[in-house]
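Accompanying notes for the structure given below.
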Protein chains: 2
Amino acid sequence: MASDTYTRILDTAQALIVSRGYNAFSYADISAVVGVGKATIHHHFPGKADLAVAVIARYRQATEDGMGAMAAHEPRADRRLAGYVGFWEQCIRDNNAPFCIAALLAAEMPSLPPEVAAQVKAHFDELIARLTGFIDEGLKNGELTSTEDAERSARILVATVHGAMLAARVAGGDAELYASITQPALKRLTG
Amino acid sequence: MASDTYTRILDTAQALIVSRGYNAFSYADISAVVGVGKATIHHHFPGKADLAVAVIARYRQATEDGMGAMAAHEPRADRRLAGYVGFWEQCIRDNNAPFCIAALLAAEMPSLPPEVAAQVKAHFDELIARLTGFIDEGLKNGELTSTEDAERSARILVATVHGAMLAARVAGGDAELYASITQPALKRLTG
DNA sequence: GGATATCTACCGACTAGTTGGTCGGTCGTC
DNA sequence: GACGACCGACCAACTAGTCGGTAGATATCC
């Protein structure tokens, strides 16, 4: 069972990565926030890469859980996509985790330890696969329309969402700007 | 007149930032590549932030020059947009500077020195303004069509381009993937 | 049931290496 | 002789990571 300290280290690391990326957070930062010795962090996560991998692995799981719940409880494809896009709008609005950790790490890709890079790639693949599934269903039952195939539509949607996150971040966390970019992208699929 | 060393420091810093971001490049890295003492870099650029600002300022100028040239020599709006989108496709394909420096720094925004952050914001504003101009012209003379206004169309295009860069980077520099995401976004405007 | 061994969580103190940055000084040129 | 370009040596602060050790819980053996 995951101890309290273990979880708090993960939480803090995640928050720090979201705001600074992989290269600009340190064990000392986490140590100060959690109120625990640096050595303790090494006890739970031997190296920095291990810590980052654990953070992304948990993030991937949470994403999969969220997507799975949506697949189970929301039958309409258009609402599923709106749920994905809207989730991030809310995150930016609440300023809690206003950026997709994987998108941030994607930018740092060339300087990432290989294990971390592999997790980032895995997240992208899973995310695209999930959304491709949603869109594919929607195209077949007529809830969605697109001139592109499902996978390409998914990739375009994700790219737009990530690009909109960047724009919102540059604008100081502007959720309206994010929405004004992503809503048309959504509407193009939902018709 | 900009000395040779001065320019080579800028070039190297730019390349390093493109591949690693602001936080993960050091004076020592540049020193090793350029073959000049660390103190020399400080002589030309007193602080790290000064260096980064100089890199982005030069990048902004180059962008403005490129956009200005396009405005002067390419009368058709659709070809102007294709020029912008295609420029990055070529960069990814050649693997020379396969990422927009400002998009990368945008991700690191919260951990950037204020002067650097200001430059990033300025680049985004200029880029949007230029593309908005192109699109506005195109909509008026019928070369382009869109259900959105010019500025929003520009923001959507830029977001898609930046998101596609991320996707291509995760996929190990896949220019085809970049193109497969950006081409439909372009076609939506050029009809 | 009491002594003993083991395990996990945790810590202070340390290390070797790196970070951005400073200093005094040397060289060649105008 | 002033000036810009440049350098080696240095600095304090920070980096990830190591080490030996402690406190407390849990299990094991007699």
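We use all heavy atoms of the structure for the numbers below, so side chains are in, but hydrogens, waters and symmetry mates are not. Computed from a predicted structure; not experimentally measured. Below, chains carry the letters A, B, ... as their sequence lines are ordered, and counting in each starts from 1.
- Comparing C:dT19, D:dT15, C:dC10 against the side chain of A:Thr40 picks out C:dC10 as the nearest.
- C:dT18 atom P lies 16 Å from atom CD1 of B:Ile30, rounded to whole Å.
- With rounding to whole Å, A:Tyr22 atom OH is found 12 Å from D:dT15 atom C1'.
- Taking atom NE2 of A:His44 as the reference point, atom C1' of C:dC7 lies 14 Å away to the nearest angstrom.
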Pull out every protein N or O sitting under 3.5 Å from an N or O of nucleotides 21-27 of chain C, one pair per line with the distance.
unit_1: C:dG21; atom_1: OP2; unit_2: B:Lys48; atom_2: N; d: 2.6
unit_1: C:dG21; atom_1: N7; unit_2: B:His42; atom_2: NE2; d: 3.1
unit_1: C:dG21; atom_1: O6; unit_2: B:Lys38; atom_2: NZ; d: 2.8

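- Listed by residue number, there are no residues of residues 10-20 of chain A with a heavy-atom contact under 4.0 Å to DNA chain C.
- Within the model, atoms CG of A:Asp78 and CG of A:Leu189 stand 10.0 Å from one another, a figure rounded to the nearest 0.5 Å.
- The distance from atom CG of B:Leu112 to atom P of C:dG20 is 14 Å, rounded to the nearest whole Å.
- Applying the side chain to side chain donor-acceptor pair (under 3.5 Å) test to every pair with at least one member in residues 20-36 of chain B, sequence neighbours left out, gives these pairs: B:Arg20-B:Asp29, B:Asn23-B:Glu108, B:Asn23-B:Ser111, B:Ser26-B:Asp29.
- In this structure, A:Asp4 atom CG and C:dT8 atom P are separated by 19 Å, rounded to whole Å.
- Ring pair B:Tyr59/B:His123 is tilted by interplanar angle, where 30° to 60° counts as tilted.
- Straight-line distance from the CG atom of A:Asn23 to the C1' atom of C:dT19: 13 Å, rounded to whole Å.
- Here the C1' atom of nucleotide D:dA5 and the CD1 atom of B:Ile41 are 14 Å apart, to the nearest Å.
- Closest heavy-atom contact between A:Ala168 and A:Tyr178: CB-CB, 4.1 Å.
- Look at B:Thr5 and you won't find any side-chain N or O under 4.0 angstrom from OP1 or OP2 of D:dA5.
- Between A:Arg130 and A:Glu126 there is no salt bridge, since no side-chain N of the basic residue sits under 4.0 Å from a carboxylate O of the acidic one.
- Look at NE2 on B:His43: it is 13 Å from P on D:dC3, rounded to the nearest Å.
- Between B:Arg80 and B:Glu137, at least one side-chain N (NZ, or NE/NH1/NH2) sits under 4.0 Å from a carboxylate O, which counts as a salt bridge.
- In this structure, A:Phe134 and A:Ala71 approach most closely via the heavy-atom pair CE2-CB, 3.9 Å.
- Between A:Arg60 and A:Glu64, no side-chain nitrogen of the basic residue sits less than 4.0 Å from a carboxylate oxygen of the acidic one, so the salt-bridge criterion is not met.
- A:Asp11 and A:Arg58 are joined by a salt bridge, as a carboxylate oxygen and a charged side-chain nitrogen come within less than 4.0 angstrom of each other.
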